[in-house]
Structure formats: C-alpha cells, structure tokens
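See structure below.
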Amino acid sequence: MSKVSAIGVDGCPAGWIAVHEHGGDFDFVVEEHFEALAERFPTAFIGIDIPIGLPDKDARACDLEARKRLKPRGSTVFPAPLRAAVNASSYEEACAIREKIEGKRYSRQVWNIMPKIAEVDACLRKNDSVRGRTYEVHPELSFAHMNQESPVLHSKRTPEGQEERLGLLTLAWRREWLDAMLSKLEENYHRKDVNADDLIDAVACLWTAQRILSWQSGWVGGPEHRDAHDLPMAIYI
C-alpha cells in the first residue's frame, strides 16, 4: 500500500471508504476508523470530504465561498461546526453551545456528521505525519470544476445525479474501471454500510488529491486561513 500516492476518502455508515489508483487500476477499501485508514496508506496524500479547520465563531470563509460557487446547490455545503461544539455528547448540547456563542442552533444534518469531524480533527491534531498530507475536499466543488464551473444539479442520490457524476469522472478515467468498482461495492457491501454515492464522492476526492499532488489544484478560502490549532480552513479543488 505504501506505493499508493493519493487516496480519496468519504464518510459512510460503516466508517470511511477510500479509493486509490495503482498501476492503472482502481480499488477501494472500507475502514471503521480514519486513523486506521491513514496508517494503511502511510505516505499517500489524502483528499477527504470532511471539514478540517474549525472556527471558534462565525462561518468559515471557504464555506461561504463554496456556497456561492455552487448556487443553486449551495446547501450541499454544510457549515463547519464551532470547535467548542464538535465534541458535544448530544444534539441538544451542541445546539446550546452554539446558541451561547452565536445565537443559532445546528441542523440535524450537521449534527449527524459531527462525530466524523471530531474523529478526523483529533487524528490530525495528534499526528503531524497525517496532518501534513490530509486536505479537505468537497466533491460537489470538484464536480463543478470538472463541469466547467457549473454545479451538477441532480442530487447525488438519484440515478440521474450518479450518472452525471460518473460521466464527469470519465474525463479522467475509463468508465469500465468505475463500473467495476461499483459492481464490487454492490457484491460486498450492503447499502446500509456503504452507498454508491459514497464511492463516487470518494473518487471525486481522489481526483482532487491527485491534482494537489501534481500542483494543479486550487482552493476556496485559502490555506492561510487557520484555526486555533493551526489547521487550514480551505477546501481544495
């Protein structure tokens, strides 16, 4: 696995799915914990669909810019939770923390991904090696860039939306490789554990991770924007 240069990672009900390309072939793995995934690929650049740098107050500039770029699909960018709330033990506790600081509550959607945000945050803050090669990606921004800066309008959970995204990915890779991975996913995992859209998003993250590795990527927000733990608040494309 050490020869894999980049992986694309997305959260899934079973934990995390990572897609990699090696020797012209695609494959994927599923791990329950992000840290185990990073250890499995000890030198790979990691493009991951999860907020990394967390604000103490107010929205991150990268989230606001991403929402503008993805109109009318800007709502697919969830606001990163405040650092004080990310380790809350319950939805009500997280909302109470935010209400005290900003006078607002969290949506259930944001709360549902907080444990994964906290998991990645903890790993990056304690492991400099993983931290130095892990980059935040938002698949919808990556797909929009592939699509000449036009957002994909169909939901990723619909057949139409998945077909549109697969079509964009074939600009970089052969469709039979992508179809083979989807068939393998269907044969080995239940939908309650990993969905097709999780795999497709992970491939988009791989696309961006390879662009980062080859110095071709851009970003929204800017790596100079950092949180209290010096983690960048930037989304790479």
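Starting from 1, each residue takes its place in the sequence as its number.
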### Query
Can you check whether Leu141 reaches Val220 side chain to side chain, under 4.5 Å on heavy atoms?
yes

#### Entry: Shortest non-hydrogen contact between Ser217 and Tyr236, atoms and distance
OG-CD2, 3.8 Å

### Message
Tell me whether the NZ or CZ atom of Arg108 lies within the 45° cone about the ring axis of Tyr91 and under 6.0 Å from its centre.
### Response
yes

### Query
Could you give the distance from CZ (Arg105) to CD (Glu92), rounded to the nearest 0.5 Å?
4.5 Å

### Message
Assess the residue pair Arg131 and Asp230 against the criterion (side-chain contact (heavy atoms from CB on, under 4.5 Å)); give the C-alpha distance rounded to whole Å, side-chain angles, the decisive distance to 0.1 Å, and a yes or no.
### Response
CA-CA 10 Å; Arg131 174 180 180 150; Asp230 202 35; 3.3 Å; yes

### Query
Tell me, do Val120 and Lys116 make a side-chain contact under 4.5 Å, heavy atoms counted?
no

### Task
Decide yes or no on side-chain contact (heavy atoms from CB on, under 4.5 Å) for Val19 and Asp10, but give the supporting numbers first.
CA-CA 9 Å; Val19 175; Asp10 189 43; over 6 Å; no

### Message
For a quick test of reading the model, state the closest non-hydrogen atom pair linking Pro55 to Pro81 and the distance between them.
### Response
CD-O, 3.5 Å

### Cluster link Val86 to Val77, ILVMFWY, side chain under 4.5 Å
no

### side chain to side chain donor-acceptor pair (under 3.5 Å): pairs with one or both residues in residues 188-205, sequence neighbours excluded
Lys156-Asp201

### Query
Are more than 12 heavy atoms from other residues, nucleotides or ligands located less than 6.0 Å from atom CD of Glu186?
no

### Minimal non-hydrogen separation, Pro223 against Pro232, with atom names
O-CB, 4.1 Å

#### Entry: Distance in Å, Ile237 CD1 paired with Trp219 CH2, rounded so as to fall on 0.5 Å steps
10.5 Å

### Query
Say you draw a straight line from CG of Leu171 to CE of Met146; how long is it, rounded to the nearest 0.5 Å?
8.0 Å

### Query
Can you find a heavy atom in the side chain of Trp177 that is under 4.5 Å from one in the side chain of Val203?
no

### Query
Given the rule that I, L, V, M, F, W and Y join up when any side-chain heavy atoms are under 4.5 Å apart, are Ile7 and Leu178 in one cluster?
no

### Query
Looking at Ala202 and Ile17, what are the two nearest heavy atoms and their distance?
CB-O, 4.0 Å

### Message
Quick check against the 3.5 Å criterion: does Thr170 have a side-chain atom that pairs as donor or acceptor with the backbone of Gly167?
### Response
yes

### Query
Would you say His33 and Cys123 make side-chain contact, with heavy atoms under 4.5 Å?
no

### Query
For the atom pair CD (Glu164) and CD1 (Ile200), what is the distance rounded to the nearest 0.5 Å?
11.5 Å

### Message
For Leu54 versus Ala80, what's the shortest heavy-atom pair and its separation?
### Response
CD2-CB, 4.3 Å

### Query
Any chance the side chains of Trp16 and Glu119 put a donor and an acceptor closer than 3.5 Å?
yes

### Summary
Paired with Arg40, the salt bridge (Lys or Arg N to Asp or Glu O under 4.0 Å) test is passed by just one of Glu32, Glu35, Glu31, namely Glu31

### Task
With rounding to the nearest 0.5 Å, note down the distance linking CD in Glu136 to CG in Asp49.
8.0 Å

### Message
Is there a continuous path of hydrophobic side-chain contacts, each under 4.5 Å between heavy atoms, that joins Val30 to Ile48?
### Response
no

### Query
Would you say the side-chain atoms of Asp227 pair up with the backbone N or O of Gly53, donor to acceptor, closer than 3.5 Å?
no

### Query
Below 4.5 Å, heavy atoms only, C-beta onward: do Val194 and Phe28 meet side chain to side chain?
no

### Query
Are Leu231 and Met114 grouped together when hydrophobic residues (ILVMFWY) are joined by side-chain heavy atoms under 4.5 angstrom apart?
yes

### Query
Would you find more than 12 non-hydrogen atoms of other residues, nucleotides or ligands less than 6.0 Å from His229 atom NE2?
yes

### Query
In terms of side-chain heavy atoms, does Ser107 have a donor or acceptor partner in Gln109 at a distance below 3.5 Å?
no

#### Entry: Set of salt bridge (charged side-chain N to carboxylate O under 4.0 Å, His left out) partners for Lys71, sequence neighbours left out
none

### Task
Inspect the contact between Lys104 and Glu102 and indicate whether a charged nitrogen and a carboxylate oxygen are less than 4.0 angstrom apart.
no

### Query
Honestly curious: do Ile50 and Met233 fall in one hydrophobic cluster under the side-chain, below-4.5 Å linking rule?
no

### Val29 side chain reached by Leu37 side chain, heavy atoms, under 4.5 Å
yes

### Message
Looking at Glu140 and Arg165, is any side-chain nitrogen of the basic one under 4.0 Å from a carboxylate oxygen of the acidic one?
### Response
yes

### Message
Could you check whether Arg60 pairs with Glu65 (Lys NZ or Arg NE/NH1/NH2 to Asp/Glu carboxylate O, under 4.0 Å)?
### Response
no

### Query
What distance do Ile46 atom CD1 and Arg133 atom CZ have between them, rounded to the nearest 0.5 Å?
4.5 Å

### Query
What residue pairs, at least two apart or across chains, pass ring pair (Phe, Tyr, Trp, His ring centres under 6.0 Å) with a residue in residues 44-78?
Phe45-Tyr135

#### Entry: Contact check, side chains of Arg73 and Leu153, non-hydrogen atoms, under 4.5 Å
yes

### Task
Can you label the angle between the Trp207 ring and the His145 ring as parallel, tilted or perpendicular, going by 30° and 60°?
tilted

### Arg175/Glu163 ion pair, N-O < 4.0 Å
yes

#### Entry: Where Pro139 and Cys205 come nearest, the two heavy atoms and their spacing
CG-SG, 4.0 Å

